[in-house]
Number of protein chains: 2
Amino acid sequence: MSMGSPWKALADDNRRQILLILKKKDMIPTEIAKHFNFTLAAVSTHLRILRDADLLTEKKLGKNRFYSLNNKRTLDMIEFFEDVYDFKLNSLKEYVENKERKKMRLKNEINVT
Amino acid sequence: MSMGSPWKALADDNRRQILLILKKKDMIPTEIAKHFNFTLAAVSTHLRILRDADLLTEKKLGKNRFYSLNNKRTLDMIEFFEDVYDFKLNSLKEYVENKERKKMRLKNEINVT
DNA sequence: TAAATATTTAAATACTTATTTAATCATTAA
DNA sequence: TTAATGATTAAATAAGTATTTAAATATTTA
């Protein structure tokens with residue numbers, strides 16, 4: 001219901017893991033639960049917290065509820081980092097560009113071989 | 001001593017506030033404490049947690065201990081976001097560039113007037 | 001050396017969070 | 001409608017966290 005803190009949502013290791021798992025594809029709670037040692041009920045609670053923090057969205061399809069990533073809050077978090085590390089903006093930019101270059105290189109290598 | 005989680009360190013509102021305060025200049029705990037309603041002992045604990053998470057560093061100068069921002073961990077956090085929101089890398093880059101443009105514009109305005 | 005200042009640490013307490021079990025709700029298939 | 005499947009919610013508990021007070025440590029100054 002009420003908007004939860006994305007910082008608190010992300011402070012839990014299992015919840016960050018859930019986000020990483022959902023990166024690959026949207027999933028239903030039962031499927032997510034298979035990746036963990038705790039109960040479906042616990043997964044359900046984690047999903048609620050991630051949803052409340054606007055990091056996930058839920059799509060109801062019949063009996064199933066598909067959870068998917070929602071990146072709106074990402075920029076809020078980055079903005080906070082920028083506020084703190086204002087003077088480091090350039091190195092962040094370089095970092096992102098390097099990652100892109102690396103990805104490009106990989107793509108070219110695959111095309112060549 | 002042991003390395004603490006930057007996610008847990010950042011999950012606390014007051015600790016994020018401390019980082020924002022230290023953005024302006026390095027400070028000693030007593031000075032930081034003036035910004036809050038809780039005791040110096042509590043500030044000291046928060047500083048330890050931020051230090052353990054590698055978000056702050058301490059420099060001892062005589063009787064004083066100056067705390068300052070340490071941005072090494074920032075990239076770790078961004079990296080996590082990138083893992084999750086891989087496909088959004090471009091928009092992150094645009095975001096950073098826009099911020100830079102805004103800053104430039106501001107600087108020019110000041111020079112002109 | 002003693003007093004003053006700056007800070008941390010320890011123990012206690014109150015609060016919050018994660019997880020479980022059991023009960024409940026919603027949808028589909030028989 | 002009944003049984004089966006997918007998921008949430010509530011109550012209980014255990015573990016973790018924030019804050020306080022009081023005591024302890026380190027450095028400087030008188």
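Atoms considered below: every heavy atom in the structure, side chains included; atoms not considered: hydrogens, waters and symmetry mates. Just so we're on the same page: letters track the sequence lines, and every chain starts at 1.
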Gap between atoms CG and P, on B/Asp52 and D/dA18 respectively (whole Å): 13 Å
Are the side chain of A/Asp52 and the backbone N or O of A/Met3 linked by a donor-acceptor pair below 3.5 Å? no
Does A/Tyr67 have a side-chain nitrogen or oxygen under 4.0 Å from the phosphate oxygens OP1 or OP2 of D/dT8? yes
Expressed in angstrom and rounded to an integer, what is the separation of A/Asp26 atom CG from D/dG6 atom P? 18 Å
What pairs of nitrogen or oxygen atoms, one from the protein and one from nucleotides 24-30 of chain C, lie under 3.5 Å apart?
from   : atom 1 : to      : atom 2 : distance (Å)
C/dT27 : O3'    : A/Lys63 : N      : 3.4

Nearest-angstrom distance from the residue atom NZ of B/Lys34 to P of C/dA6: 9 Å
Table of protein N/O atoms under 3.5 Å from nucleotides 17-22 of chain C N/O atoms:
from   : atom 1 : to      : atom 2 : distance (Å)
C/dA18 : OP1    : A/Asp12 : OD2    : 3.3
C/dA18 : OP1    : A/Arg15 : NH1    : 3.4
C/dA18 : OP1    : A/Arg15 : NH2    : 2.9
C/dA18 : OP2    : A/Arg15 : NH1    : 3.3
C/dT19 : OP1    : A/Asn14 : ND2    : 3.2
C/dT19 : OP2    : A/His46 : NE2    : 2.4
C/dT20 : OP2    : A/Thr39 : N      : 2.8
C/dT20 : OP2    : A/Thr39 : OG1    : 3.2

Cluster link A/Leu22 to B/Trp7, ILVMFWY, side chain under 4.5 Å: yes
Partner set under ring-ring contact (aromatic ring centres under 6.0 Å, His included) for A/Phe66, not counting sequence neighbours: none
Atom-to-atom span, CD of B/Glu58 to P of D/dT27 - whole angstrom: 12 Å
Rounded to whole angstrom units, what separation is found between the CG atom of B/Leu50 and the C1' atom of D/dA18? 13 Å
Using a heavy-atom cut-off of under 4.0 Å over every strand shown, decide if B/Glu31 touches base, sugar-phosphate, or nothing. nothing
Spacing between B/Asn64 atom CG and C/dT5 atom P, to the nearest angstrom: 13 Å
Identify whether A/Ile32 and A/Ile49 are in the same connected component of the hydrophobic contact network (ILVMFWY, side-chain heavy atoms under 4.5 Å). no
A/Val43 reachable from A/Ile21 in the ILVMFWY side-chain graph, under 4.5 Å edges: yes
Side chain to side chain donor-acceptor pair (under 3.5 Å) test vs A/His46 passes for just one of A/Arg51, A/Arg15, A/Gln17, namely A/Arg15
Any ion pair linking A/Glu31 and A/Lys25 (charged N to carboxylate O, less than 4.0 Å)? yes
Determine, step by step, whether A/Leu55 and A/Asn70 satisfy the side-chain contact (heavy atoms from CB on, under 4.5 Å) criterion, reporting the C-alpha distance in whole Å, the side-chain angles of both residues, the deciding distance to 0.1 Å, and the verdict. CA-CA 5 Å; A/Leu55 291 160; A/Asn70 180 15; 5.9 Å; no
Could you give me the CA-CA distance, side-chain angles and deciding distance for A/Asn14 and A/Phe36, then say whether side-chain contact (heavy atoms from CB on, under 4.5 Å) is met? CA-CA 8 Å; A/Asn14 292 321; A/Phe36 297 96; 4.0 Å; yes
